[in-house]
Amino acid sequence: MRIGFCCKMMSPTGDAAEDKRCNVTTTTLAALRRLDRDGARQKLSAIMETNLGALRRQVDYVAGQPPLERALRISSDMFPAYGHPLGEWFYKDPGVRRRIADELASIGDCARRHDLRLSLHPGQFCVINSVEPATLDNAVKELEYHADIMRWLGYGEGWHPGGAHINIHGGSRAGGVQNFRAGMARLSATARSLLTVENDEVSFGLDDLLPLAEDLPIVVDLHHHWIKSGGEYLQPEDPRLEVVRASWRGVRPMAHVSVSREDLLVGHPADSLPDLPTLAARGIKPRDLRAHSDRMWNNAVNDLVLAHLSWADFEVEAKHKNLAVDDLARHIGRRLAVAPAA
DNA sequence: GAGGGTCAAGTCCGT
DNA sequence: ACGGACTTGACCCTC
C-alpha cells in the first residue's frame, strides 16, 4: 500500500530556496506572446531545465521515503504551452526532445527502481466529453501531452504499468457517459491505457461513473463523495467499491483523500468525523467545506483511509503536501504499532 | 522585495 | 448575466 502527495513539495523548515529547487515553475501565454522567438526559446528552455530538476528532486525524495509513502502525482506544469502554438514549436525541436527524453528516462528508471507509483492529473479544462468540438479537441491534445510525459518516463506500454495513470474527471453533465466513451476513442492507445476517471462534487459523482467501470478504472475521491452525497463517508465494504476495484482489472486501485480546512472547523474534535448536516445547520456552506485543509488533522478521517488502504492506494490532496502525507503516515504507523495487521 | 493585477483552456453554482 | 470556485495559485509588472 502506498500514499503520496500532489505536484508540490514543502520543506519542513520553510526553506524557501529548497522549496524553489524542488518545485516546477511555469509561465503564461501572455508573457510568451510578448517575447520574440529567441526570448521565448530561452524562457521555455530555462523553465524546462528548472522543471526537470524539480521532478528529479521530487522523485529522489519519494524514493528515499519509507515504502508506504512511495506515490507521487507529477505536476502538469512540466512543459508549459506544450500543445499551444506559442510553445509547440519549441518542444518539436529535436535537441529539446532529446534533452527531455534523456532526463525523463533516467527519472523514470529511478522511479521503477524504488517502486514509486506515478500519476498525472490534467486540470479542469480537460473535458473529454465536451459537447463543444473545439473543447474536445483541446482535451484530446491535453491528454496526449500527458501521455507523452508518461511515455518518456517509460510508462507508455500496457495497462496502467506500475500503477501509473492519467486521471481526469467525468466532464460536463451535458456530454454524459456516451460522449466520454466517444472522446476516449480518439486517444492514442497509450493515453487510453493510462486514463482513469475520478468522481467530482458537482457533475459526475461515484454513482454516475459506475457505468464507465467497463471502460476505464475509477478513482474514488472520499472527500468529493462526502460533499456530493451530502455527508456520506464511503466504507470499504460498500458494494459500489467492488465495481470500482474490478474496473482496475488487476492493478491496485488509486483513491484520493482530503479534509475540510482546519480554519473553517476551528475547535472541531480531531477524533471525530466532520458531520456535514451538522456543519451545514451551523451555517457552514458545503461550498466552503470543499476547500482542502493544510494538513491531515483529523484522526477519524485518517482511520478511514487506513481502512480503505486494504484495497487502494491514496493520493493526499492537502495544501501542505508531503507534510500532510507525513501526518497520515505517522498516524498509520501508530495504529499499526498498536494493532499489527494480521 | 512587496503588492496588486493578470493569467489558455470549461463547467457549474450562487447571486 | 456574471463572478467565483474548482485547482496545482503562481507569474509578471510596477513601484
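To find a chain, count down the sequence lines: A is the first, B the second, and so on, and within it residues start at 1.
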For the side chain of [X], starting at C-beta, report the closest nucleotide among [options].
X      : options               : answer
A:L29  : C:dA10, B:dG10, B:dA8 : B:dA8
A:V127 : B:dA8, C:dC12, B:dT11 : B:dT11
A:R173 : C:dC11, B:dC12, C:dT8 : B:dC12
A:S172 : C:dT8, B:dC12, C:dC11 : B:dC12
A:E142 : C:dC11, B:dA9, C:dT8  : B:dA9
A:E201 : C:dC12, B:dG10, C:dT7 : C:dT7
A:T27  : C:dC11, C:dT8, B:dA8  : C:dC11
A:Q124 : C:dT8, B:dG10, B:dC12 : B:dG10
A:R290 : C:dC13, B:dG10, C:dC6 : C:dC6
A:A30  : B:dG10, B:dA8, C:dC12 : B:dA8

Between atom [atom1] in [X] and atom [atom2] in [N], what is the gap in whole Å?
X      : N      : atom1 : atom2 : answer
A:F204 : B:dC12 : CZ    : C1'   : 13 Å
A:I168 : C:dT7  : CD1   : P     : 15 Å
A:H292 : C:dT8  : NE2   : C1'   : 11 Å
A:D200 : C:dT7  : CG    : C1'   : 13 Å
A:H84  : B:dA8  : NE2   : P     : 8 Å
A:I74  : C:dT8  : CD1   : P     : 14 Å
A:K228 : C:dC6  : NZ    : P     : 17 Å
A:D19  : C:dA10 : CG    : P     : 10 Å

Under the 3.5 angstrom rule, does the side chain of [X] hit a backbone N or O of [Y] as a donor-acceptor pair?
X      : Y      : value
A:S247 : A:A213 : no
A:D327 : A:M296 : yes
A:E317 : A:E315 : no
A:H256 : A:D221 : no

[X] near the nucleic acid: base, sugar-phosphate alone, or nothing, with a heavy-atom cut-off under 4.0 Å?
X      : answer
A:E132 : nothing
A:K321 : sugar-phosphate
A:S75  : nothing
A:S203 : sugar-phosphate
A:D77  : base
A:A81  : base

Across all strands, who's sitting opposite [N] as a Watson-Crick or G-U wobble pair, both distances under 3.5 Å?
N      : value
C:dC2  : B:dG14
C:dT14 : B:dA2
B:dA9  : none

Using 30° and 60° as the class limits, which term best fits the ring planes of A:Y91 and A:Y82: parallel, tilted or perpendicular?
tilted

A:M10 side, atom CE; A:K319 side, atom NZ - distance, nearest 0.5 Å:
10.5 Å

Comparing nearest nucleotides in DNA chain C, the 5'-proximal residue of the pair A:L32, A:H224 is A:H224

Closer to the 5' end of DNA chain C via nearest nucleotide, is it A:C6 or A:R287?
A:R287

Expressed as a whole number of Å, how far does the [atom1] atom of [N] sit from that of [M]?
N     : M      : atom1 : answer
B:dA8 : C:dC13 : P     : 12 Å
B:dT6 : C:dT8  : P     : 25 Å
C:dG3 : B:dG5  : P     : 15 Å
C:dT7 : B:dC13 : P     : 15 Å
C:dC6 : B:dG4  : C1'   : 23 Å

If only side-chain N and O atoms of [X] are considered, is one of them under 4.0 Å from the OP1 or OP2 phosphate oxygen of [N]?
X      : N      : answer
A:K43  : C:dC12 : yes
A:T26  : C:dT8  : no
A:K8   : C:dA10 : yes
A:S130 : B:dT11 : yes

Under 3.5 Å side-chain donor-acceptor pair for A:N167 and A:S119:
no

Salt bridge or not for A:E144 and A:K141, using N-O below 4.0 Å?
no

Using centres under 5.5 Å plus planes under 30 degrees as the test, is A:F125 stacked with B:dG10?
no

